[in-house]
Amino acid sequence: MKVRHIVLGLLSISVIAPIFLYTDRVGSFVNPSSSRRDFLDDVSAFTVPGDTRHLNVLHQETSAALKEPIGVVYSDNSTVTREHKSARVLSATDEERQQQQLSNPIRQVIDRAPPGLTTALDSHPNASDISEHSDNKHDRLTEPADAQVRHLKDQLIRAKLYLSLPAIKNNPHVTRELRLRVKEVTRALGDATKDSDLPKNAVDKLKAMDQSLEKGKQIQDDCAAVVKKLRAMLHSSEEQLRVHKKQTMFLTQLTAKTLPKGLHCLPLRLTTEYYTLNSSQQNFPNQQKLEDPRLYHYALFSDNILAAAVVVNSTISHAKHPSDHVFHIVTDRLNYAAMRMWFLSNPPGKATIQVQNIEEFTWLNSSYSPVLKQLGSPSMIDYYFRAHRASSDSNLKFRNPKYLSILNHLRFYLPEIFPKLNKVLFLDDDIVVQKDLTGLWSLDLKGNVNGAVETCGESFHRFDRYLNFSNPLISKNFDPHACGWAYGMNIFDLAEWRRQSITEVYHRWQRLNRDRQLWKLGTLPPGLITFWKRTYSLDKSWHVLGLGYNPNVNQREIDRAAVIHYNGNLKPWLEIGIPKYKIYWAKYVDYETVYLRECNINP
């Protein structure tokens, strides 16, 4: 009798205990107070043997007949949505489910679980794929902001590829479907650059396109044809990109050379006003300061009135003693009266202004200056202006007619222009001054003539970028890896210039370059040659460049710079100027001035 009770007790323990343990596990999951993570950890700890027999404790449905619950929870772009539908049979085949089970043992356990447990699991907020819960969460956190945009663009490329293949063309139904999907995706994509720019239905379009592409993939099985077509598309895209880059460069150069209507109106309006003044009203005050070497003298050569005004205004705004600053502006005959009228009507405080006409420099003629003789030669004019030769140089900036202007070459004649001065600060007209510059006059240039900021931070700012080192005259005299420097803000020691006969050095190299075999572009190459081993390197904070072409100039460098330079085509007075840099220039323009309002010049 005792043996019988013992046997029954053991039997009840072996049968009933697993049920309680199993029921307790289910209860701990459905109980809101239990931890979801504990359940996931426990499930992931299950091991499934090779024998995939069903659990026999509770009745369960076969995997092929397993139905989704009425409330289906899924995650789409990190947004959980609930979809109420009637129960529907999963579309996976027995073979697909078996493959999924073999590759995902956690899913196996879930599929083998009783209906109550399966329903509870499927209604879990993160049940879209339990086994990849943490991985998917991490992917969503690190997913690029333009992931869907890039996916849509890739889909368009694949669709266009399929539409060009014979196997797809022979299937009218798939062809029509793909063309429809291309239109839908193109419309959804629009001008979007990040996922937040996409419309709400973009995800639906993406999924629909994926389905259509899958149909195309099943029809097209010739990989060699696909590879061949992709190579052709790549070659075509590269060619189109090359053409578009060339067109963009040409149009940018054209825009940079074109004078805006307002800036064309301004000198006309000022010139008219200037000639209404009597002779006494046309003179500037403080002319006795023009040759005083104890003062701070600036050289500015420009035919752009508004740009010259910004240089003067920004310099005076930061000068500690404005009355000690003298600006020598040289312009051409066309803008001479207008330049004078501007500074007569808008005097720069206590500073002294001188405006000169380059035609007044009678000593500057072709018999004295080799470059002036070359600029007027038929071959030079033909080089810069004949359209049929435009293909001879790949770089269009080599052909900028501004290099025909003698104003651009006046920087090599500073001692002749200012015979009684010892030091002059040369400024380009596309700069803005942000700090007091008087410290430059007290610098010891250590016997050098030119004080400038070096620009060898990049490889393309070294000598071999500007000079033709295949010519023995260049290769024997200069180092191709020598560091270049920048024009735009240069302190020149005119006394040392005269002592070393720098102008004659410049003339000698200009004569050697009469056929343009040593260099082609502008004034920097002859400047590098003329001031070779005669340039003192200034601290980079004196002069920061790139605001006329580089939208990524370091903001900290801009803020601490004494001078910022809009070198490049994207000048701040043009519409194509970089917007975030225009504010530094525009704040020194008084747009309420009557002449600017009459010419409709606005910020």
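Note that the structure is a prediction, hence the values are computed from the model and not measured.
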**Report entry** Trace of the side-chain hydrogen bond (donor to acceptor under 3.5 Å, both in side chains) decision for Asn471 with Asn468
**Finding:** CA-CA 6 Å; Asn471 190 297; Asn468 179 17; over 6 Å; no

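Residues Leu295 and Asp292 meet the side-chain proximity criterion, which asks for heavy atoms closer than 4.5 Å. At least one side-chain heavy atom of Leu306 sits under 4.5 Å from a side-chain heavy atom of Trp585.
Salt bridge absent: Arg242 and Glu238 never bring a charged side-chain N and a carboxylate O closer than 4.0 Å. Note on Asp430 versus Lys571: salt bridge recorded, some NZ/NE/NH1/NH2 to OD/OE distance being below 4.0 Å.
Asn602 pairs by the side-chain hydrogen bond (donor to acceptor under 3.5 Å, both in side chains) definition with Asn600, not counting sequence neighbours.
Between Tyr296 and His325, the ring-plane angle classifies as tilted under the 30° and 60° cut-offs. Aromatic ring orientation, Tyr413 versus Tyr368: tilted (interplanar angle from 30° to 60°). Taking the six-membered ring for Trp and thresholds of 30 and 60 degrees, His543 and His565 have nearly parallel ring planes, at less than 30 degrees apart.
Side-chain contact annotation: Asn365 with Ser367, donor-acceptor N/O pair under 3.5 Å present. Looking at Asn513 and Gln517, their side chains never bring a donor and an acceptor atom within 3.5 Å of each other.
Annotation: Arg597, atom CZ; neighbour count of heavy atoms from other residues, nucleotides and ligands within 6.0 Å is above 12. When the shell of 6.0 Å around NZ of Lys261 is examined, it contains 12 or fewer heavy atoms from other residues, nucleotides or ligands.
Within the structure, disulfide bond (SG atoms under 2.5 Å apart) contacts touching residues 321-351 (residues at least two apart or in different chains) do not occur.
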N/O donor to acceptor pairs below 3.5 angstrom from side-chain atoms of residues 527-534, sequence neighbours left out:
from, atom 1, to, atom 2, distance (Å)
Thr530, OG1, Pro526, O, 2.7
Arg534, NE, Gln500, OE1, 3.1
Arg534, NH1, Thr530, O, 3.0

